[in-house]
Amino acid sequence: MDSNRNTISLDGLDLLASAVMILDADDRVAYVNPAAEHLLESSIKALTHQKFADLFSNAGNLSAVFQQAANHVFADKRQDLTLERPGREPLHVHVIVTALDNPATPILIELRENEQQLKLDREERLIDQSLANKELIRNLAHEIKNPLGGIRGAAQLLELELPERHVRELREYTQVIIKEADRLQTLVDRLLEPHRSPHIVGDVNIHEVCERVRSLIVAEFPNGLTIKRDYDLSVPEFRGDKEQLIQAVLNIAHNAAQALSERIQVGDAQLTLQTRIARQVTLAKVRYRLALDLHIIDNGPGIPPEIRDRIFYPLVSGREGGSGLGLTLAQTFVQQHLGVIECESRSGCTDFRILIPLP
């Protein structure tokens, strides 16, 4: 756009990272830049000449704003909106409506994704998912546990009743039943562990937690893995269950170490434990002035894309032979401290972030 705002450089708008739309005097789309095509998941051909109100089911809220812009009541107006789209995810955006001096195309709209709202929605879905998971796990575990004892007991009785001459060859089969029943019992106990263990609250120093986890990982992976400590010693103590937090951090760090197996063999595997203080953090729609910001970062291959959105689901694992319970339990323990675990992953860097409110 030039200095007196009479003309618009579309080439310049094409290069912007934020979504830009220009409307004509009838509120129809006259132009969209590539960023807007990407945001709206539609082509310029499909969007052009459509009324803005037809793109979003609640766009009527902006009609008065467009009218004011066309009448030059203001130069520009900003507001945060959630734009509803039939059959698609709603868009949480910061909208900037600018009045242009061109009667044919009097309105320019800039849409910027509202990262804070997206984060809140993601956390809310994570909490809802976790609550649903806990209820499912509790019910499923009890449904499995009840008949499991009967199966094991029946196998033991059957073994006692085996004819003397067939004990040696048939005992192998009853032992398979008993051992598999015990294996399932162990799995069920792990599923129920967070709901059984009492929440023992005391003063927690997060660096003592990290050092305990570090010593356990070093003991299991003594060669080829470097554990870097990047601590902010100003992080205060807080009230919490130290053993639960050790288990949560250990589950994440142990998963990371196992994912680093190839780099461990080469000798350049790295795991970083980093602590910081986050300020003005919103968790589960509650605003906290301070929060613990703990990162467990590895330089492994990253989480496979096909399970990236499901890693906190029970029984989902990206490793052959994995139970898929470690991250589920970690999320449960952290949520019992009113916190949340987030994850960002790409090849060469996976970052698990634990946020817990501080006093």
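Positions are given from 1 along the sequence.
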Electrostatic pair D27-K51, nearest N-O below 4.0 angstrom: no

Under the side-chain contact (heavy atoms from CB on, under 4.5 Å) test, residues paired with Q156 that sit two or more places apart: R152, I178

Which atom of I277 lies closest to which atom of D232, heavy atoms considered: N-OD2, 4.0 Å

N/O donor-acceptor pair under 3.5 Å between R289 side chain and L358 backbone: no

Donor-acceptor contact present, side-chain N299 to main-chain D268, <3.5 Å: yes

E220 side chain to H254 side chain, donor-acceptor N/O pair below 3.5 angstrom: yes

Q270 and T226 side chains, donor-acceptor separation under 3.5 Å: no

No-hydrogen, no-angle side-chain donor-acceptor test under 3.5 Å, E159 and T174: yes

Rounded distance [0.5 Å steps], CZ in R112 versus CG in L91: 15.5 Å

Within one Ile-Leu-Val-Met-Phe-Trp-Tyr cluster: F56 and L39, side-chain cutoff 4.5 Å: yes

Distance-only donor-acceptor check, side chains H207 and T275, under 3.5 Å: yes

Sub-4.5 Å side-chain heavy-atom contact between L271 and L225: yes

Cluster overlap L13 with L15, hydrophobic side-chain contacts below 4.5 Å: no

Q79 CD: over 12 foreign heavy atoms closer than 6.0 Å: yes

Considering all heavy atoms, the nearest I177-I151 contact: CG2-CG2, 3.8 Å

Pair listing, ring-ring contact (aromatic ring centres under 6.0 Å, His included) test, anchored in residues 336-359, at least two apart: H199-H337

Side-chain heavy-atom pair L355, L292 within 4.5 angstrom cut-off: no

Over 12 non-hydrogen atoms of neighbours within 6.0 angstrom of CD in Q280: yes

Nearest heavy-atom neighbours spanning R214 and L273: CB-CD1, 4.3 Å

Rounded distance [0.5 Å steps], CD in Q274 versus SG in C210: 10.5 Å

Linked, directly or transitively: I107 and I44 (ILVMFWY side chains, under 4.5 Å): yes

Q331 CD to C343 SG distance, which is reported to the nearest 0.5 Å: 10.5 Å

Residue pair H295 / T272, side-chain heavy-atom distance below 4.5 Å: no

T350, D298, D351 screened by side-chain hydrogen bond (donor to acceptor under 3.5 Å, both in side chains) with S345, the one that passes: T350

Y31-D14 side chain donor-acceptor pair, cut-off 3.5 Å: yes

ILVMFWY network linking M21 to F74, side-chain heavy atoms under 4.5 angstrom: yes

Contacts of type salt bridge (Lys or Arg N to Asp or Glu O under 4.0 Å), residue R276, not counting sequence neighbours: D230

Closest contact, heavy atoms only, T48 versus A30: CG2-O, 4.2 Å

Exercise: identify the closest heavy-atom pair between A248 and A330: O-CB, 3.7 Å

Salt bridge present between E344 and R346 (N-O < 4.0 angstrom): no

Electrostatic pair E208-K242, nearest N-O below 4.0 angstrom: yes

Distance-minimising heavy-atom pair for V20 and A36: O-CB, 3.7 Å

CD-OG distance between E110 and S18, expressed to the nearest 0.5 angstrom: 3.5 Å

V201 side chain reached by D241 side chain, heavy atoms, under 4.5 Å: no

Distance-only polar pair, side chains of E37 and N33, donor-acceptor under 3.5 Å: no

Single-linkage hydrophobic cluster I297~I264, side-chain heavy atoms < 4.5 angstrom: no

